[in-house]
Amino acid sequence: MGKTKLEIEFEEAVERVNAHTAPFPADTLLKLYAFYKKATNDYGKPRSKKPIINAFKTNALFQVKGLTQEEAKQNYIDLVNNYFLYRK
């Protein structure tokens, strides 16, 4: 069974983010984190050494809890595309 268009676009967006060397804004990072975790069904606890970071990550995950896996993938793709479209 081949990959769907959504799966291919999601993987390309993840590769694009991973290849980007400049720092992302904190709010964008949290959204990327939450959409990625939801899209990949990775429900492990945040593992930062800083409790405040874990709190922000937990809050971001809470905000996407109503999304389906497909919606999370599409939101991740859209966020990545918009970020790179409007960056200088």
Side-chain angles (χ1 to χ4, degrees):
M1 184 166 87
K3 293 181 183 179
T4 66
K5 181 177 184 259
L6 180 65
E7 289 169 335
I8 293 167
E9 289 180 3
F10 176 70
E11 289 174 4
E12 289 171 352
V14 170
E15 288 175 19
R16 199 170 179 192
V17 167
N18 289 337
H20 186 63
T21 56
F24 286 95
D27 62 327
T28 301
L29 272 178
L30 285 170
K31 289 176 187 174
L32 288 170
Y33 170 82
F35 291 144
Y36 180 84
K37 290 288 196 174
K38 184 70 175 189
T40 59
N41 281 328
D42 181 355
Y43 297 111
K45 288 184 175 182
R47 296 182 294 259
S48 175
K49 293 181 182 180
K50 297 182 180 181
I52 190 71
I53 301 296
N54 287 332
F56 281 120
K57 286 181 173 182
T58 300
N59 183 53
L61 290 171
F62 180 75
Q63 292 179 32
V64 300
K65 74 176 186 171
L67 295 179
T68 65
Q69 195 173 4
E70 290 76 23
E71 289 170 329
K73 285 179 183 179
Q74 189 61 58
N75 286 344
Y76 186 97
I77 293 163
D78 293 344
L79 180 60
V80 170
N81 288 341
N82 287 331
Y83 177 81
F84 286 107
L85 177 66
Y86 294 111
R87 100 178 228 272
K88 295 180 181 180

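Numbering starts at 1 and runs along the sequence shown.
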Can you give me the closest heavy-atom contact between [X] and [Y], atom names plus distance?
| X | Y | result |
| --- | --- | --- |
| Ala34 | Ala60 | CB-O, 3.4 Å |
| Ala39 | Ala72 | N-CB, 3.6 Å |
| Lys38 | Thr68 | CG-O, 4.4 Å |

**Working for side chain to side chain contact (heavy atoms under 4.5 Å, CB included), residues Val64 and Lys31** = CA-CA 9 Å; Val64 300; Lys31 289 176 187 174; over 6 Å; no
**Request:** Would you check if Lys3 and Glu11 make a side-chain contact, meaning some heavy-atom pair closer than 4.5 Å?
**Result:** yes
**Asked** Quick one: does Asn81's side chain get under 4.5 Å of Arg16's, heavy atoms only?
**Response** yes
**Message:** Tyr36 vs Val17, test: side chain to side chain contact (heavy atoms under 4.5 Å, CB included). Steps then yes/no.
**Reply:** CA-CA 11 Å; Tyr36 180 84; Val17 167; over 6 Å; no
**Request:** Please check if Phe24 and Leu79 belong to a single hydrophobic cluster, counting links between Ile, Leu, Val, Met, Phe, Trp and Tyr side chain heavy atoms closer than 4.5 Å.
**Result:** yes
**Asked** What about Leu32 and Leu67, same hydrophobic cluster or not, with Ile/Leu/Val/Met/Phe/Trp/Tyr joined at side-chain heavy-atom distances under 4.5 Å?
**Response** yes
**Request:** Decide yes or no on side chain to side chain contact (heavy atoms under 4.5 Å, CB included) for Phe35 and Ile77, but give the supporting numbers first.
**Result:** CA-CA 9 Å; Phe35 291 144; Ile77 293 163; over 6 Å; no
**Asked** Linking Ile, Leu, Val, Met, Phe, Trp and Tyr by side-chain heavy atoms under 4.5 Å, what else ends up with Ile8?
**Response** none
**Message:** Return the CD to CD distance between Gln74 and Glu9, rounded to the nearest 0.5 Å.
**Reply:** 6.5 Å
**Message:** Let me confirm one number: the CG-CG distance from Leu61 to Leu30, rounded to the nearest 0.5 Å.
**Reply:** 9.5 Å
**Item:** Stepwise side chain to side chain contact (heavy atoms under 4.5 Å, CB included) check, Leu29 with Phe56
**Value:** CA-CA 11 Å; Leu29 272 178; Phe56 281 120; over 6 Å; no
**Message:** Can you confirm whether the side chains of Glu71 and Asn75 place a donor and an acceptor under 3.5 Å from each other?
**Reply:** no
**Message:** Can you tell me how the ring of His20 sits relative to the ring of Tyr83, calling it parallel under 30°, perpendicular over 60° and tilted otherwise?
**Reply:** perpendicular
